[in-house]
Structures are given as structure tokens and as C-alpha cells.
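Keep in mind the model is a prediction, meaning the values are calculated, not measured. Worth knowing before you read on, the calculation uses all heavy atoms, side chains too, and leaves out hydrogens, waters and symmetry mates.
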Amino acid sequence: MPSLRTQLLLAPALSLALLGACSDDDASNAAKDAGDAVDEASNDAVETTARNIASAQGEDEFSAANIEVEGDLACEANADDQADAVDISCTGTSTDGQDLALEGTTDEIPGASVTELEGSFVGTADGDEVFSVDTLGG
């Protein structure tokens, strides 16, 4: 499968090729479909980056609160349509059996820094808040 970069570079070329071979309605639909595919790929990349950063940096935040995470935090990220806000939700277990959760939202584009996310984040252990930060990592 081609890399995301290759896919993003090929999408406009594919759209132009389709435009030359189709009627105006077909060309318009093909261009819209190609644009939607690029948007979806962009959101997927943003969500993947946010998940990875949140997992690693969330573990560091729990550690700073004297709570050791067993294994890795499992994180989900959902970008809005413009990919300018990403909701993050992580769960895990501490080495002493506490249920851990990390919830937050970043309004920066993940990947601007590969080591931190700016936004608003809260970590809980067995439902009790153990940290609240404006930056994960850094």
C-alpha cells in the first residue's frame, strides 16, 4: 500500500485524469470523492499521531503522579471535520490494579511537536483525579 504522502500527492493527479475522461457531472463527483479521500486520510493521520503522543505522554503524567501504568495506555482520538480539534480518550490499568483514564482535547494539529500535545487533559485513577494539565509531555 502506498504511503500517506504518496497517496496525498497522487490524489490531485488522479482527479485531473478523471476530469479529462468524464462528463462535467462525473468529473465533479470524482473530484469531490478524491477530496473526501484526502480529508479522511488527513484526519486518520492526525488521529494516529494524537493517540501515539497521548499514550506515551499520558503514561509519563501518571508516573509523575506516582502511579505506574501496567503496559500501555489504550487511546482513541477523534478529529473534528477540520482536524483542528482532537478529542482524546485513553484507558489502562496501574501496576497496583487501579483503573486509569485520560480524557482531553487538543486544539493544535498533532505532529507540530512529536513529544507534546497542548490542550486540556485530566487523568484519573479509580475515578479520582490525579492530574490536570494543559500540556501532555514537553
Notebook entry, point to check: Minimum heavy-atom separation for Ala77 to Ala50, with atom names?
Noted result: CB-CB, 4.1 Å
Margin query: To the closest 0.5 Å, what do you measure between CG (Asp87) and CD (Glu47)?
Written below: 10.0 Å
Check: Looking at CG of Leu100 and CG of Asp126, how far apart are the two atoms once the value is rounded to the nearest 0.5 Å?
Finding: 8.0 Å
Margin query: As an exercise, state the distance from OG1 of Thr135 to CD of Gln57, rounded to the nearest 0.5 Å.
Written below: 10.5 Å
Margin query: Checking side-chain polar atoms at under 3.5 Å, does Glu68 have a donor or acceptor matched by the opposite partner on Ser63?
Written below: yes
Margin query: Give me the atom names and distance for the closest heavy-atom approach of Gly58 to Leu73.
Written below: C-CD1, 3.7 Å
Item checked: Evaluation steps, side chain to side chain contact (heavy atoms under 4.5 Å, CB included), between Thr105 and Ser120 -> CA-CA 6 Å; Thr105 300; Ser120 177; 5.8 Å; no
Margin query: Does Glu129 have more than 12 heavy atoms from other residues, nucleotides or ligands lying within 6.0 Å of its CD?
Written below: yes
Next item on the list: Could you please spell out the steps behind the side-chain hydrogen bond (donor to acceptor under 3.5 Å, both in side chains) verdict for Glu103 and Ser89?
Entry: CA-CA 5 Å; Glu103 301 287 333; Ser89 177; 2.9 Å; yes
Note to self: I need the Arg51 CZ to Leu117 CG distance, nearest 0.5 Å.
What the structure shows: 12.5 Å
Check: Heavy-atom distance under 4.5 Å between the side chains of Leu102 and Glu61, does that happen here?
Finding: no
Check: If you round to the nearest 0.5 Å, how far is CD of Glu70 from CG of Asp96?
Finding: 9.5 Å
Margin query: To the closest 0.5 Å, what do you measure between OG1 (Thr106) and CG (Asp134)?
Written below: 11.0 Å
Margin query: Leu136 vs Ile88, test: side chain to side chain contact (heavy atoms under 4.5 Å, CB included). Steps then yes/no.
Written below: CA-CA 11 Å; Leu136 279 180; Ile88 297 168; 5.5 Å; no
